[in-house]
Amino acid sequence: MRAFVDPDLCIGCTQCAGICPTVFTMEGTLAVALVGEIPGEEVPAAVDAAQACPVSAIRMEES
């Protein structure tokens, strides 16, 4: 599974980075996702983080 953050939608609320800091980090005022495959043990937290995004800026895709 992979995660993508749409920088045009992200409002920099930091929820995703707070929920799953191994996959999502903040670069300035915007969130960014780990490039590449999410480690299997991190997938549930990454999905939770995506669902918690108040503006639906995170997209999860199967690899």
Side-chain angles (χ1 to χ4, degrees):
M1 183 156 286
R2 295 174 187 259
F4 303 91
V5 178
D6 184 334
D8 294 326
L9 295 177
C10 180
I11 59 171
C13 74
T14 74
Q15 282 216 69
C16 58
I19 293 170
C20 191
T22 57
V23 174
F24 301 99
T25 58
M26 299 301 293
E27 283 189 5
T29 60
L30 297 178
V32 293
L34 173 76
V35 175
E37 191 73 19
I38 298 171
E41 67 276 4
E42 295 297 330
V43 169
V47 170
D48 288 346
Q51 292 173 341
C53 180
V55 294
S56 301
I58 301 171
R59 184 175 84 252
M60 303 295 291
E61 291 184 358
E62 292 288 334
S63 315

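- Distance CG/Asp6 to OG/Ser56: 10.5 Å, rounded to 0.5 Å.
- Summarising the geometry, atom CG belonging to Leu30 is positioned 11.0 Å from atom OG1 belonging to Thr25; distances are rounded to the nearest 0.5 Å.
- Of the possible polar contacts, none joining the Glu61 side chain to the Ala3 backbone as a donor-acceptor pair under 3.5 Å is found.
- Looking at every heavy atom in both residues, Ala57 comes nearest to Cys10 through CB-N, 3.7 Å.
- When the options Cys20, Pro54, Cys53 are evaluated for a side chain to side chain contact (heavy atoms under 4.5 Å, CB included) with Gln15, the one that passes is Pro54.
- Nearest heavy-atom pair across Arg2 and Ile38 is C-CD1, 3.9 Å.
- Using a 4.5 Å cut-off on side-chain heavy atoms (C-beta onward), Val55 and Cys13 make no contact.
- Minimum interatomic distance between Ile19 and Ala52 (heavy atoms only, all atoms of both residues): CD1-CB, 3.5 Å.
- Between Ala50 and Ile58, the shortest heavy-atom contact is CB-CG2, 3.5 Å.
- Between Ala17 and Met26, the shortest heavy-atom distance links the atoms CB-CG, 4.2 Å.
- In terms of heavy atoms, Met60 sits closest to Ala46 at CE-CB, 3.9 Å.
- Listed by chain and residue number, nothing satisfies the salt bridge (charged side-chain N to carboxylate O under 4.0 Å, His left out) test with Glu41 (two or more places apart in sequence, or in another chain).
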